[in-house]
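See below for the structure under consideration.
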Number of protein chains: 2
Amino acid sequence: MFKKIKESRIYENIVDQVFEAILIGDLKPADKLPSENELVKIFGVSRVTVREAIRYLEQLGVLEVRQGSMGGAFVKEVDLGDIAAQMGNVLRMANVTFLHMAEARAVLEQMILGKLVHPDRTKEWVKKLLECVDRAEDHFRKKEHRERIRANFQFHGLIAELTGNPIVILMHKIIVDLSMVFFENVKPSTSMIMKTLEDHRHIAELLEQGKTQEAADICAEHIREVSGRIVDKSKTQSFLRSKIGREDPE
Amino acid sequence: MFKKIKESRIYENIVDQVFEAILIGDLKPADKLPSENELVKIFGVSRVTVREAIRYLEQLGVLEVRQGSMGGAFVKEVDLGDIAAQMGNVLRMANVTFLHMAEARAVLEQMILGKLVHPDRTKEWVKKLLECVDRAEDHFRKKEHRERIRANFQFHGLIAELTGNPIVILMHKIIVDLSMVFFENVKPSTSMIMKTLEDHRHIAELLEQGKTQEAADICAEHIREVSGRIVDKSKTQSFLRSKIGREDPE
DNA sequence: AATATGTATAATGTCTAACAATTGACATAT
DNA sequence: ATATGTCAATTGTTAGACATTATACATATT
């Protein structure tokens, strides 16, 4: 008969108003909100409350707060990287294992290469892909472990960008950012590194020849194989333990 | 030569500590943090700062704050739904169109059905899938628009759950939650509704018969078709405008 | 003239102390 | 037994002050 009264804190009201102003377009990226003291007058609430709303929106990634004389709260262009980082933080606590991520990535990239690639846009990307491989190989020779991994993941990131679909790109980025931590903490064998370079080149070539389906299959297989070896090496059960690496277990 | 000093606000320090305590397991879901006043003593900062940290973690979805005598800040089980909702809010501002979502979902479900289904686990799910269709049909007869849509989307949600992979489930949920808004604001034709019920039954049957590839193809086609018609009906260019439905465009 | 260096200013960051609102537990009255 | 009232604990909100930071501008130095 009666509806439960929705609990609401004052700052949520402010958040909604600002959020909507941004959605509607009254506030655009780089615009500056009134100063906290002005907002206090505008909304008729205390500064603490105003600040809670600003914090919330900052955390959400839609505001950026700068201190100082020309500072204030500025509307920020939504950055997929920020979102991905934030998501990653939370996902660490949600029973997500490395294998889940590997499998999800395999599926994503397979579907991208197999289904979402526009043939006419392919060729311009092949060059970029091969550049990544060259860069990775260079880092390998210079024994720059971290940089090599980044180049290799950039290769996979390019595959996601091939779709031009922001949702796909974001999902992929979330997974990659989380996965990368593992790779950075494992010393792979030389043969494994070589195989990766080889696979990547192979995928790029197949794309160039328009053999998208074949490229998709090899890509998925490649991800599963490399990830499997990583798991063997790190004997990681959960993302949690490897991430924290607690020295003193009681 | 020198590293840029990482700006840090005091509350971020507290957030990190609490976050790590949760990751390590010192704090488990349903555990209660000390009261704000105690935290003030523990961290040696003001209550305002403590509260900022709590807000942040609450917004992130890892804490739940209750007022009152037995209240306080409690560690929350991470809920994929919360994460999806949060992501959805931000994605609204990132040039995401309905067609992006439709395409991502089509390909995602196609991949799931085609590649990720464990044959031995299929049969237990077919029953659930058919239940969804029955429920949708029932709502259709009772002309419960909203409920019918929810049942239909639950059908697709089950497909994602078929993977048992939390990342895949999450990605799918984000897309579905965002997409649903559109469907709820469009009055579909009867034939369209019937076709959907029919398609869903067909997909379930094919799964039961182990024809996963066929089910995958039909599912993808189904999503594209329905989404295409939605777009025609709503003439929606961007998610933004349809969501806000501004009456007064300058 | 170009380059440091200081200074004022405006904004956010933090602190303190109080009061308001909410919730649950317990006592009390009916 | 069932309401009802009261108390205590906790978060929500307010007010005002001071601390810190970043920019712009004036001033001094070379």
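Taking every heavy atom of both residues into account, A/A104 and B/I167 meet most closely at CB-CG2, 3.9 Å.
B/Q67 contributes a side-chain N or O that forms a donor-acceptor pair with the base of C/dA21 under 3.5 Å.
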Are any protein N/O atoms closer than 3.5 Å to N/O atoms in nucleotides 15-17 of chain D? If there are, list each pair with its distance.
residue : atom : partner : partner atom : Å
D/dA17  : N6   : A/R47   : NH1          : 3.3

I'd like a list of close polar pairs between nucleotides 4-8 of chain D and the protein, N/O only, cut-off under 3.5 Å.
none

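B/E52 comes within 4.0 angstrom of the backbone, heavy atoms only, and of no base. B/I54 comes within 4.0 angstrom of no nucleic acid atom, judged by non-hydrogen atoms across all strands.
Note: B/Y56 OH to B/L63 CG = 12.0 Å, rounded to the nearest 0.5 Å. Here B/E109 contributes atom CD and B/F155 contributes atom CZ; the two are 8.5 Å apart, rounded to the nearest 0.5 Å. The distance from atom CZ of A/F98 to atom CG of A/L178, rounded to the nearest 0.5 Å, is 10.5 Å. The distance from the CD1 atom of A/I54 to the CD1 atom of A/I14 is 8.5 Å, given to the nearest 0.5 Å. The distance from the CD atom of B/Q67 to the CZ atom of A/R9 is 8.5 Å, given to the nearest 0.5 Å. Rounded to the nearest 0.5 Å, atoms CD (A/E131) and CG (A/D138) are 12.5 Å apart.
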Side-chain donor-acceptor pairs under 3.5 Å in residues 82-91 of chain A, sequence neighbours left out?
residue : atom : partner : partner atom : Å
A/D82   : OD2  : A/K76   : NZ           : 2.7
A/N89   : OD1  : A/R92   : NH2          : 3.4

Kindly list each side-chain donor-acceptor pair under 3.5 angstrom involving residues 145-152 of chain A, sequence neighbours excluded, with atom names and distances?
residue : atom : partner : partner atom : Å
A/H145  : NE2  : A/V186  : O            : 3.2
A/R146  : NH1  : A/E184  : OE1          : 3.3

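An angle of 0°, rounded to 10°, separates the two end axes of the helix from C/dA1-D/dT30 to C/dT30-D/dA1, each defined over five pairs.
For the OP1/OP2 pair of C/dG13 and a distance below 4.0 Å, the side-chain nitrogens and oxygens of A/R55 include at least one atom meeting the criterion. Residue A/R51 places at least one side-chain N or O under 4.0 Å from the OP1 or OP2 atom of C/dG13.
Regarding A/L39, its CG atom lies at a distance of 16 Å from the C1' atom of D/dT14, rounded to whole Å. If you take CD of B/E12 and C1' of C/dT14, they are 14 Å apart, rounded to a whole angstrom. As rounded to whole Å, 10 Å separates atom P of C/dA11 from atom NZ of A/K41. Computed from coordinates, the B/I10 CD1 to C/dT14 P distance equals 5 Å when rounded to whole Å. Look at CZ on B/R66: it is 12 Å from C1' on C/dG24, rounded to the nearest Å. Rounding to whole angstrom units, CZ of residue A/R9 and C1' of D/dT14 are separated by 17 Å. When rounded to the nearest whole Å, the span between CG of A/N37 and P of D/dT14 equals 14 Å. Look at CZ on A/F74: it is 9 Å from P on D/dT23, rounded to the nearest Å.
Residues A/H156 and A/I223 meet the side-chain proximity criterion, which asks for heavy atoms closer than 4.5 Å. The shortest side-chain heavy-atom distance between A/F183 and A/V226 falls under the 4.5 Å cut-off.
A donor-acceptor pair is defined here as one N or O able to donate and one able to accept, closer than 3.5 Å; no such pair exists between the side chain of B/H139 and the backbone of B/A136.
By the 6.0 Å contact criterion, NZ on B/K32 is enclosed, its count of non-hydrogen atoms from other residues, nucleotides or ligands being greater than 12.
The stretch residues 28-36 of chain B touches DNA chain D through B/S35, B/E36, each having a heavy atom under 4.0 angstrom from the strand.
A salt bridge does not link B/R55 to B/E52: none of the charged nitrogens lies less than 4.0 Å from a carboxylate oxygen.
Comparing B/G71 and A/T49 against DNA chain D, the residue whose closest nucleotide sits nearer the 5' end is B/G71.
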